[in-house]
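These numbers come from the heavy atoms of this one structure, side chains and all, not from hydrogens, waters or symmetry mates. All values derive from a computational prediction rather than experimental measurement.
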Amino acid sequence: MRKKKILYFVEAFGGGVFTYLVNLTNELCDEYDIYIAYGLRKQTPKNFKKYFDKRIHLIKVQNYQRSISLLRDTKALLEMKRIANKVKPDIIHLNSSKAGILGRFLFRNSNVPVFYTPHGYSFLMADISNQKKAFYKLLEKAFAFKNIETIACSKGEYEITKELTSNATYVDNGINLKEFDGIKLNHQADKNHLKIATLGRISLQKNPTLFNKIAMAFPNIEFLWIGDGELKDEITASNIAITGWVNNRTALQYMADIDIFLLPSLWEGLPMALLEAMYMKKICVVSNVVGNRDVIHNENNGYVCDDLTDFIERIKKITQANEIPLRLIENANREIVTHYNSNIMAKKYKKIYCQEMKAKYKR
């Protein structure tokens, strides 16, 4: 009996979306024949093919781009149609806003189950005008066809999705715990010589300006930005080091040597780097946005902050405490082991796929 085919479309093939697809498809490829039709971005790892199981088929979509272009988007639609006709999938799963808009239009009358995962809605971005936010939200509503189920990547994203469509569910993102083999996880913080870091692209989303201000408030503490990006010039504090782009293994090794993971993002889906920090037993101090607050519960498994003053006061309390809050980091680690990991995530997706295939083919 042949394996069922799953065809994933993704324009935003980088960062957390890339990690999500690696984790999910590598878990599913024993039972499914996996195809990924992708677009390249600056954040796409140069050796991205090495991250995937050799059984996974990778197909480049030449005309994917983030911005709206009638010509390029029309060409991308035709590419997507050709790919689907050639693969003949049993399931289609669209990922990220651009692939989601194009794919939902193209496959709105599909004979096979179609799913869509936003990974952070475009209308939540802080670097666009209110007019654009309203336009993107209108697009999401217009393309929320009743026969296409949206699978949000966090509970917070699910709550937003329910404003757009009734055909929705959610599966929390999960990390691959095997990635940590050989990396020391039980690093105990030295409150007299703390190291604070974040991980990701130096972009407006990750709020480098706020990260810089926090570092300037603690000139005697080492800060590290694991990554690189277009807003690198926003990092001016002398106590911040920037690693530049590194592979995932090297990034985790940097993370192993820190004490506090700082994530002052302006918006998120459900950040993989945060899940990694929780598993590695780092004290997590995050901004109060969807995604972050879905997993970090204040003073239970980390700290949620509203503004610069909050971040500074929280870090001061950590440095002045008689001991590191072990209960918090143990709680955070336990949540990853029991919930936010790729094995559990894949089982939930498999259940959704199977249920929808059964329902679709009964109609």
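- No hydrogens or angles considered: a donor-acceptor pair under 3.5 Å links the side chains of D306 and N288.
- Under the 4.5 Å side-chain criterion, counting only non-hydrogen atoms from C-beta, E268 is in contact with Q205.
- Under the 3.5 Å distance criterion, the side-chain polar atoms of N212 are left unmatched by any main-chain donor or acceptor of I235.
- Considering only heavy atoms from C-beta on, F48 stays 4.5 Å or farther from V22 through its side chain.
- Looking at K155, its side chain never comes within 3.5 Å of a backbone N or O of Y170 through a donor-acceptor pair.
- Across every non-hydrogen atom of Y64 and A76, the tightest pair is CD2-CB, 4.1 Å.
- Counted by atom type alone, N331 and R334 present one or more donor-acceptor pairs between their side chains at under 3.5 Å.
- Across all non-hydrogen atoms, the minimal contact from G174 to N23 is O-ND2, 3.2 Å.
- Residues T150 and L164 fail the side-chain proximity criterion, which asks for heavy atoms closer than 4.5 Å.
- Under a cut-off of 6.0 angstrom, the local environment of NZ in K133 is crowded, with over 12 non-hydrogen atoms contributed by other residues, nucleotides or ligands.
- Under the 3.5 Å distance criterion, with hydrogens and angles disregarded, a donor-acceptor pair is assigned to the side chains of Y116 and E140.
- Annotation: side chain of L28 is in contact with side chain of Y353 (closest heavy-atom distance under 4.5 Å).
- Ion pairing between a basic and an acidic side chain is recognised when a charged N comes within 4.0 Å of a carboxylate O; E276 and K282 show no such pairing.
- In this structure a side-chain-to-backbone donor-acceptor pair under 3.5 Å is present from N333 to Y279.
- Of the possible donor and acceptor atoms, one in the side chain of D73 sits under 3.5 Å from a partner among the backbone N and O of S69.
- Listed for the S110 side chain is a donor-acceptor partner under 3.5 Å among the backbone atoms of V112.
- Side chains of Y51 and T19: a donor-acceptor N/O pair is absent below 3.5 angstrom, by distance only.
- Look at R327 and E330 and you find no salt bridge, because none of the NZ, NE, NH1 or NH2 atoms lies under 4.0 Å from a carboxylate O.
- The pair E299-R314 meets the salt-bridge criterion, with a side-chain N (NZ, NE, NH1 or NH2) lying under 4.0 Å from an Asp/Glu carboxylate O.
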For F52 and Y38, what are the C-alpha separation, side-chain angles and deciding distance, and is it a ring pair (Phe, Tyr, Trp, His ring centres under 6.0 Å)? CA-CA 13 Å; F52 293 94; Y38 65 91; 8.5 Å; no
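- Residues I202 and E234 fail the side-chain proximity criterion, which asks for heavy atoms closer than 4.5 Å.
- The number of heavy atoms from other shown groups lying within 6.0 Å of NZ (K350) does not exceed 12.
- The one candidate from F261, F218, W225 that meets the ring-ring contact (aromatic ring centres under 6.0 Å, His included) condition with F211 is W225.
- At least one side-chain heavy atom of I34 sits less than 4.5 Å from a side-chain heavy atom of I6.
- No side-chain heavy atom of E11 sits under 4.5 Å from any side-chain heavy atom of S97.
- The closest side-chain heavy-atom distance from L177 to I175 is below 4.5 Å.
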